[in-house]
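Report on the following structure.
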Amino acid sequence: MKLVWFRRDLRVKDNIALTEACKSGEPVMAIYYETPIQWKSHGMAPIQADLIRRRLMVLQQDLEALNIPLLFRTVNTFSDINPSLAQLCQQYQIADIYCIRDHELDEVNRDNSIAGLLSLTSTKLNVFDYKCIFPPGSVINGAGNIYRVFTPFKKAWIARLQRENVAPIGTPEPVQINATVQALLKQPSSIEFHYHQDDSVGWPIDDNTIIQRMRDFCRYRVEQYEASRDFPAIPATSQLSPYLAIGAISPRQCLARLFSENQNCLDKSGGGAHVWLSELIWREFYQHITASYPDISKGKGFQSWTDSITWNGDELQFARWKQGRTGFPIVDAAMRQLNETGWMHNRLRMIVASFLVKDLHIDWRWGEKYFMSKLIDGDFAANNGGWQWSASVGTDAQPYFRVFNPTAQSKKFDPNVRFIRRWLKELESVPDEALHEPYRWAEKQGIDLAYPRPIVDHKAARETAISMFEMAKSQQNTQRAES
DNA sequence: GTGTAGTTGTC
DNA sequence: ACAACTACA
């Protein structure tokens, strides 16, 4: 008997672990572990848990069509998986477990720990590198190191793409059944989550709809992507991130579809298709960084000199940011979109991140954690990479003296205030042209708005931020001179 | 060593 | 111009 252990690869198409298990010709069963205490410590968003739960129902049906029963178990943490899985292997005489590697440190340790345990038994753990199109550590520069700057990484990645076949693999053929599998297939579904859930029903979860969306995006919408993607009022992005985050679709499927619709996507002539390919490569870049630098998973900034920055610990200001009550409409509208829908437009993620770090001087990790707790597409590597970039503490981060001006960003990317208006109903009475800075208008009119005044002066906050970074930098230089 | 370049900007 | 460093070929 073979066992497929599903984690963040909740699909039957282009799933190498599943395909390899089916190749053997033996009966196959599958398992999913809910780990609510672990998820809580990772701060996983309840809405993402709900998306996973719904996806498992679909996956269970898709697997059933292949004669594979999907078992479901709840244990507290990753380490509690060990005894459960060992028992399962013994009970069903599992010769091989197949799964796809995750690259976060806790997940790597989970797999190492179970591999150690199983090495004392007759079960073999087969872990495949299939989360990225190219395995982390395998895209390297002339010196044999992994890339720490995006553009050279992207160049090398595309060059490699032209040499290697990375076509997705299809759904495997149905496998043999034995009496054990027969009995398991007849049992009613036991998928029931203990983790707190939030409604994700606005996101369709069946394969046909998801793949249709991917196809429609690559066929009809990607052309507009380059011109429109930065405007949060326009639904120009692919909206595929939640599905990539839980592995309902794979990057290979995305790439294959993009390429079949846009053969010129590999270079700049591909326009929007090329820009979207870059986003897929960003996803790979941050996965590779996470895999190669375990400290990333321990909350460390990649630029270690930024460790000496003393952040602002003001919980009240942090609460204002979380609630979307900072007095900067673009920031507040964005935070409310996050709070109410579990998703935020990427341009806005940069704006609110910059605001938290460079205007409120609050530790970027607080923001990173809050994002994870709300985002339906929460992915450790992508979220961490984005925050480190915004906070100027990461690989290839934006320079620390480059500080987003929230009002300028608002005027540039929400010029007709359609996005702000959608989310800030208390500003209904404010005319369009005043909506980027409503307090100015209200003061002139002598009106009291049911909306806060800006909680910081951006100009002064910007200077403080830059000097905080300069101080940390000079400390590093002093230390260097001493050693 | 030497040259080039670095997502998303602001003043 | 900023401000100055680093990654990479």
Side-chain angles (χ1 to χ4, degrees), chain A residues 139-160 225-232 234 236-237 267-268 270-286 288-289 292-293 301-306 328 330-331 334 344-355 357-359 382-383 385-415 436 457-481:
Chain A
V139 180
I140 47 174
N141 61 28
N145 300 317
I146 77 153
Y147 286 96
R148 301 194 288 191
V149 172
F150 175 71
T151 305
F153 174 84
K154 176 180 159 184
K155 279 188 189 146
W157 192 96
I158 290 176
R160 193 162 159 199
Y225 183 72
E226 187 173 17
S228 305
R229 68 181 186 132
D230 265 326
F231 299 93
I234 304 173
T237 61
D267 60 74
K268 286 226 159 60
H274 182 67
V275 176
W276 194 65
L277 174 65
S278 294
E279 299 303 324
L280 290 176
I281 303 173
W282 271 104
R283 177 185 174 280
E284 305 255 321
F285 180 58
Y286 285 138
H288 287 213
I289 296 284
S292 294
Y293 297 90
F302 196 87
Q303 304 292 338
S304 56
W305 61 271
T306 62
F328 289 84
I330 193 73
V331 173
M344 192 196 287
H345 188 280
N346 186 54
R347 166 58 51 181
L348 301 173
R349 295 188 199 200
M350 290 189 279
I351 294 174
V352 303
S354 177
F355 187 81
V357 175
K358 307 278 175 79
D359 283 272
N383 187 51
W387 272 95
Q388 293 218 32
W389 184 86
S390 287
S392 305
V393 302
T395 55
D396 199 27
Q398 74 165 341
Y400 65 83
F401 47 80
R402 202 180 268 178
V403 176
F404 279 27
N405 179 325
T407 310
Q409 289 281 320
S410 179
K411 288 175 178 165
K412 193 168 175 190
F413 297 114
D414 193 24
H436 299 292
D457 172 46
H458 171 70
K459 196 163 178 281
R462 173 180 185 275
E463 280 164 16
T464 304
I466 291 173
S467 69
M468 283 165 72
F469 277 86
E470 275 169 352
M471 260 168 63
K473 191 117 204 168
S474 73
Q475 270 185 34
Q476 175 214 30
N477 291 338
T478 314
Q479 278 165 15
R480 265 195 194 159

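Proteins come first, then strands; the chains are lettered A, B, ... in the order of their sequence lines, and each starts at number 1. These numbers come from the heavy atoms of this one structure, side chains and all, not from hydrogens, waters or symmetry mates.
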From CZ (A:F328) to CD (A:Q409), nearest 0.5 Å | 13.0 Å

Side chain to side chain donor-acceptor pair (under 3.5 Å) filter on A:W282, not counting sequence neighbours, yields none

Rounded to whole angstrom units, what separation is found between the CZ atom of A:F285 and the C1' atom of C:dA7?
-> 10 Å

In whole Å, what is the span from the CZ atom of A:R148 to the C1' atom of C:dC8?
-> 11 Å

Whole angstrom value for the distance that separates C1' of C:dC8 from NZ of A:K154 | 16 Å

What distance, rounded to whole Å, do you find between the two C1' atoms, one in B:dT7 and one in C:dA7?
-> 16 Å

First and last nucleotide of DNA chain B, 5' to 3', lying under 4.0 Å from heavy atoms of chain A = B:dG6 to B:dC11

Quick one: A:N145 CG to C:dA7 C1', roughly how many Å, whole number?
-> 11 Å

Residues A:I158, A:D267; criterion side chain to side chain contact (heavy atoms under 4.5 Å, CB included); working and verdict | CA-CA 9 Å; A:I158 290 176; A:D267 60 74; over 6 Å; no

If you write DNA chain C from 5' to 3' in dot-bracket form, with Watson-Crick or G-U pairs under 3.5 Å, [ ] for crossing pairs and | for pairs with another strand, what do you get?
-> ||..|||||

Mind checking the CD1-CZ spacing from A:I146 to A:F285? Nearest 0.5 Å is all I need.
-> 7.5 Å

Looking at DNA chain B, which of residues 388-398 of chain A put a heavy atom within less than 4.0 Å of it?
-> A:W389, A:D396

From CH2 of A:W157 across to P of C:dC8 the rounded distance in Å is 18 Å

Pairwise C1' distance for B:dA5 and C:dA4, with rounding to whole Å | 14 Å

Do the side chain of A:Q388 and the main chain of A:F302 share a donor and acceptor less than 3.5 angstrom apart?
-> yes

Hey, are A:H458 and A:D359 close enough side-chain-wise for a donor-acceptor pair under 3.5 Å?
-> yes

Verdict with supporting geometry, A:T237 and A:N346, side chain to side chain contact (heavy atoms under 4.5 Å, CB included) | CA-CA 9 Å; A:T237 61; A:N346 186 54; 5.9 Å; no

Expressed in angstrom and rounded to an integer, what is the separation of A:K473 atom NZ from C:dA4 atom P?
-> 9 Å

Side chains of A:S410 and A:H436, donor plus acceptor under 3.5 Å | yes

Pick base, sugar-phosphate or nothing for A:E279, based on heavy-atom distances below 4.0 Å to the nucleic acid.
-> base

For A:I146 and C:dA7, give me the distance from atom CD1 to atom P, rounded to whole Å.
-> 12 Å

Sequence neighbours excluded, the answer for side chain to side chain contact (heavy atoms under 4.5 Å, CB included) partners of A:A472 is A:W305, A:S308, A:I309

Base, sugar-phosphate, or nothing for A:F404, non-hydrogen atoms under 4.0 angstrom?
-> sugar-phosphate

For residues A:Q398 and A:W389, is any side-chain donor paired with an opposing acceptor at under 3.5 Å?
-> no

Quote, to the nearest angstrom, the C1' distance that separates B:dG6 from C:dA3.
-> 14 Å

Atom CD of A:E470 to atom P of C:dA4: distance rounded to whole Å?
-> 7 Å

Does any donor atom in the side chain of A:T464 or A:K358 lie under 3.5 Å from an acceptor atom in the other side chain?
-> no

Go through the structure and list residues passing side chain to side chain donor-acceptor pair (under 3.5 Å) with A:N405, not counting sequence neighbours.
-> none

